[in-house]
Undergrad: 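Take this structure, written in structure tokens, and hold onto it; I'll ask about it next.
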Amino acid sequence: MSSLHLAILLPFIAAIVIPLIYPLTKRLHTGWITMLIPAALFAYFVSRLQDTANGGSVLEEMAWVPSLDINFDAYLDGLGLLFALLITGIGVLVVLYSIFYLDKTKEQLANFYVYLLMFMGAMLGIVLSDNLMVLYIFWEITSLSSALLISYWFTNKGSIFGARKSMLITVFGGFAMMAGFILLYMETGTFSIQALIDQRDIIMASPYFIPAMILVLLGAFTKSAQFPFHFWLPDAMEAPTPVSAYLHSATMVKAGIYLVARMTPIFAGAPEWFWIIVITGLVTLTWGSISAVRQKDLKGILAFSTISQLGLLMILLGLGSASFTGDTIDENLVYSAAIFTAVLHLFNHATFKGSLFMAVGIIDHESGTRNIEKLGGLMTIMPVTFTISLVGLASMAGIPPFNGFISKEMFFTELLQITSMNFSGVETWGFVILVVAWIASIFTFLYCAILFFKTFFGKFEKANFSKDVHEAPLGMLISPVLLGGLVIVLGLFPNLLIPTVIEPAVASILPHLPADQLALDLSLWHGVNTELLMSLGVIGFGATLYMTYPKWKKLSVMQQDRDPFNSVYDKTLSGLSTGSEWITNVQMTGRLKDYFTYMLLFIVSILTYSFVRSDSFTLSFTPTEEAPVFVYGIIFLLVISTLSLFFIKERVKLIITVGVVGFLMALLFAVFSAQDLAMTQLLIETVTVVLLLLAFRHLPEVTQETGSRVRKSLHVVLSVGVGLLVFLIGTASFALRNDANFTPIAEYFIENSYDKAGGENMVNVILVDFRGLDTILEVLVLAIVALAILMMVKLRFKGGEDV
Amino acid sequence: MKYSKSHDVMQRILITITIYFLVAFSFYLFFAGHNNPGGGFIGGLMTASAFILIYVIFDRRVANRIIRFSYPGILATGLFVSLFVGLIGPVFGDAMFTQYFDYFDLPFFGEVELTTAVPFDFGIYLVVVGMAMAATVTIAEDE
């Protein structure tokens with residue numbers, strides 16, 4: 001186990017420890033202890049920066065389920081490290097902020113920090129896993145823990161609604177993604193991302209290429225709220241603001257971006273990959289920025305703004321994928337600039353969106369409302385928050401001298417470049433992309449302006465606020481000020497982090513290009529060119545739209561702040577619940593007899609199908625050896641006692657006879673020298689008979705079978721079918737063993753059980769050594785059965801059930 | 001369960017002695033498991049039947065005083081023990097549920113085989129005891 005594995009597991013370990021020490025530390029805010037974890041991890045990841053410089057990478061292997069090729073392999077490269085730094089760095093700031101945001105006397109802090117740490121660990125797991133299955137597991141943990149975080153104020157109906165929505169949509173995408181991973185595995189036989197990149201040509205040529213790609217993209221699109229799966233993000237804003245700042249600006253939604261970036265070396269180069277990502281991104285960018293304008297809630301505006309920024313990142317990743325298509329390295333290097341822009345903007349977005357979320361949280365916390373129609377005139381009351389918002393919003397709108405301006409200019413450069421791109425018809429349609437993206441940018445400017453002016457300018461109406469409005473305490477301001485400072489610093493000195501953080505990340509997305517040629521030289525002022533004119537146009541049109549905003553906001557389209565896609569979701573959900581209710585009513589009758597009928601029907605049909613399909617029915621009666629006479633005697637007794645069950649009417653006799661059948665079976669095992677089995681069977685039989693006798697007075701009277709003729713005959717057919725099938729399976733496996741001269745697996749255990757496990761009793765060695773996982777799962781089933789019995793006895797059913 | 005109210009001294013003494021033998025035998029079965037018939041599963045069932053005997057011949061209150069375990073607790077402990085042993089493997093870079101064994105020359109005992117399979121099997125043993133007893137006692141105590 002390497003330090004990298006420990007780094008991934010540390011938050012999970014802390015999540016177990018926090019609730020244990022929580023009662024002891026009531027006087028101290030739990031956040032202070034929690035903050036140590038991301039802080040330590042951040043320092044650790046900073047210290048690993050030299051490992052990834054110049055496109056280097058580290059692979060730490062750890063076996064988990066090697067037979068299924070599922071291994072907990074940690075892989076650290078530029079991309080993973082960039083994300084790890086964001087997750088832990090912003091993690092520290094978010095925890096610090098939450099210390100002042102959440103009251104330690106009123107809130108269940110232990111729960112909050114457990115969820116947050118789980119989430120942090122899962123995010124680290126996603127970005128540092130090399131194995132796709134492990135990545136998937138962490139992916140689902142983020143869905144789960146983020147749902148827990150969103151529903152943190154679980155008495156609030158909206159929180160539950162939002163949590164369920166985010167979970168349903170992201171888990172749906174996760175399942176699709178797993179199916180895609182399995183398709184990739186079927187084609188290449190490996191789950192390792194790096195190994196998959198090496199087998200790029202095989203994947204590209206396979207018939208599963210398109211399905212696998214679409215399935216993986218479904219996972220990425222649902223997670224990063226791409227159109228048409230975007231509508232869960234605004235509802236997720238019910239979460240406490242530190243959570244929103246963390247999940248929805250810096251980490252969770254970026255997981256989808258991460259996945260697309262990570263998968264770029266595997267899938268990129270196909271025109272389908274290019275078009276799906278670019279078009280989805282473009283629609284998301286436009287739809288998000290237009291929807292943001294319609295919002296009344298500050299967090300709602302930010303939510304849609306995140307959606308649209310994620311669309312922008314997707315477009316850039318899509319454009320950058322063209323760098324896998326060129327014939328020469330120079331040709332490819334041209335398009336690599338889009339990937340570079342994507343990574344840069346991803347980093348910039350995390351800084352300005354994080355600070356904006358925190359600023360909005362401050363406004364909400366200190367004024368009691370987030371409605372822009374009530375807010376106004378906060379500039380003089382909250383000067384620090386005002387400054388933070390000014391910096392963040394200007395950066396988001398793409399105004400110099402902030403970092404958002406630089407990445408936005410570069411985005412325009414890339415858009416201008418695609419009209420001259422020679423790839424899959426982009427040269428004809430590229431202009432449309434350019435214009436649409438430019439219009440979306442105007443709306444981006446517009447919602448930034450609305451958020452800014454409506455909150456901080458205008459008249460301050462005291463009657464609109466339930467609280468006494470004042471500036472936030474110092475502690476709450478530290479985090480957003482630090483992030484805002486970063487926005488300014490990275491705007492003025494844009495090349496600061498390029499060689500250490502950004503460039504290695506670009507290099508790991510584009511492994512086929514020379515790492516030292518990927519970096520660009522950025523500058524705030526790059527002369528008067530088309531990009532600058534486009535930016536000026538954005539500001540000009542945006543300002544005009546804002547001036548005329550009161551006139552056209554009365555349009556009915558602008559009044560509707562709920563996304564129209566919500567109704568589709570609502571209808572699907574209610575349809576699902578009606579459907580499942582119907583199925584439940586048909587199936588769950590509460591009568592044991594019916595349950596057995598369903599189970600046996602299922603088993604019989606599945607087994608019959610697979611037997612017919614593989615044409616395995618064989619009746620073979622060739623004896624291999626002469627059996628001793630007493631075996632016939634035992635079998636005769638067995639048959640007699642089984643048949644006599646039909647004619648016994650008294651319950652006690654029935655139980656005893658069933659017991660006799662069981663003991664005779666044990667005798668058979670003993671005769672065929674399976675002592676372990678015989679002993680187990682004997683003891684089980686004893687315990688079962690005791691149990692039956694104990695439950696004796698609870699059992700219903702043995703009565704004549706009632707019910708319709710159809711039902712009765714169904715039962716007869718089913719019983720005969722089960723018996724016949726078991727018999728056929730028995731003879732078939734016997735025939736397979738003898739006729740086909742199959743080497744039994746027993747040979748392996750006979751040879752190896754002493755050498756490999758040091759035990760002479762083969763059965764026990766199989767149970768505890770060779771198949772330990774099976775055993776633990778079996779006893780787990782036993783444990784569940786025991787608990788079920790406890791439950792059923794303690795909680796009685798009412799009415800006509802007989803369970 | 002119909003608890004015995006009999007004051008048959010012979011029966012009580014004989015069965016009490018038998019119980020000691022049963023428990024001892026179940027321990028033997030448990031430890032013998034690696035090389036002879038036995039193991040956690042069978043040993044657990046044997047212990048459980050010894051416990052059931054206690055419930056059969058004594059009053060329920062007496063039995064509860066003798067056996068002061070919470071059976072669901074035993075169950076959970078067993079699961080944890082086995083899982084924990086299974087997780088040793090990954091720590092040393094092997095697959096999950098890898099068992100280790102070696103031979104040691106201990107004073108007094110001579111050459112002894114120590115293996116991680118024993119604690120693993122002990123977990124199974126606990127689960128089986130817990131499961132059998134939880135089921136039996138719950139059904140028995142149900143009025």
Side-chain angles (χ1 to χ4, degrees), chain A residues 1-2 5 61-67 71-72 674-680 682-684 686-687 690-691 693-698 754 756-761 763-765 767-776 778-794 796, chain B residues 1-2 29 32-42 44-46 48-49 52 56 71-72 75-76 78-79 82-83 85-86 89-99 101-103 113 115-118 120-121 123-124 126-128 130-142:
Chain A
M1 184 179 268
S2 68
H5 290 110
E61 289 176 326
M62 181 162 138
W64 186 14
V65 196
S67 49
N71 291 307
F72 189 19
Q675 292 95 328
D676 276 275
L677 268 184
M679 193 124 59
T680 314
L682 262 177
L683 285 163
I684 291 268
T686 314
V687 176
V690 170
L691 269 179
L693 290 173
L694 285 176
F696 191 65
R697 63 204 160 91
H698 297 297
Y754 192 75
K756 289 198 172 160
E760 282 159 6
N761 178 7
V763 178
N764 193 263
V765 165
L767 281 176
V768 299
D769 283 277
F770 289 116
R771 308 210 63 89
L773 187 67
D774 289 357
T775 310
I776 186 102
E778 270 159 33
V779 295
L780 187 68
V781 172
L782 279 186
I784 293 170
V785 168
L787 291 182
I789 293 176
L790 266 174
M791 284 299 122
M792 279 207 295
V793 172
K794 296 263 151 87
R796 291 218 172 272
Chain B
M1 193 187 287
K2 199 85 171 132
L29 278 178
H34 218 48
N35 296 315
N36 291 307
F41 204 87
I42 299 175
L45 280 176
M46 192 58 91
S49 40
I52 289 176
V56 171
Y71 296 117
L75 230 162
L79 276 180
S82 292
L83 257 183
V85 175
V91 176
F92 293 111
D94 287 315
M96 227 166 131
F97 288 99
T98 308
Q99 311 281 15
F101 71 95
D102 208 346
Y103 297 92
E113 182 196 4
T115 159
T116 54
V118 170
F120 179 80
D121 218 15
I124 307 291
L126 287 181
V127 175
V128 172
M131 182 265 162
M133 293 313 292
T136 320
V137 174
T138 331
I139 294 179
E141 291 189 348
D142 181 39

Undergrad: Checking heavy atoms, do the side chain of A:Thr680, its backbone, both or neither come under 4.5 Å from chain B?
TA: both
Undergrad: Select one option (side chain, backbone, both, neither) describing which atoms of B:Met46 are under 4.5 Å from chain A's heavy atoms.
TA: both
Undergrad: Chain B heavy atoms under 4.5 Å from A:Val779: which part of the residue, side chain, backbone, both or neither?
TA: both
Undergrad: Would you check if B:Leu45 and A:Met679 make a side-chain contact, meaning some heavy-atom pair closer than 4.5 Å?
TA: no
Undergrad: Donor-acceptor pair, A:Asn71 side chain versus A:Trp64 backbone, under 3.5 Å?
TA: yes
Undergrad: Go through the atoms of B:Leu83 and report whether side chain, backbone, both or neither lie under 4.5 Å from a heavy atom of chain A.
TA: both
Undergrad: Looking at B:Ser82, B:Ala132, B:Gly40, B:Pro72, which makes the most heavy-atom pairs under 4.5 Å with chain A?
TA: B:Ser82
Undergrad: Using non-hydrogen atoms only, which part of B:Leu75 is less than 4.5 Å away from chain A: side chain, backbone, both, or neither?
TA: side chain
Undergrad: For B:Ala135 versus A:Ile789, what's the shortest heavy-atom pair and its separation?
TA: CB-CD1, 3.6 Å
Undergrad: Please examine the side chains of A:Leu782 and B:Phe41, heavy atoms only from C-beta on, and report whether any two atoms are closer than 4.5 Å.
TA: yes
Undergrad: With a 3.5 Å distance limit and no angle check, can you tell me whether A:His5 reaches the backbone of A:Phe72 through a side-chain donor-acceptor pair?
TA: yes
Undergrad: Could you tell me if the side chain of A:Val763 sits less than 4.5 Å from the side chain of A:Leu677, heavy atoms only?
TA: no
Undergrad: Which of the residues A:Leu767, A:Leu773, A:Val687, A:Val785 is involved in the greatest number of heavy-atom pairs with chain B at under 4.5 angstrom?
TA: A:Leu773
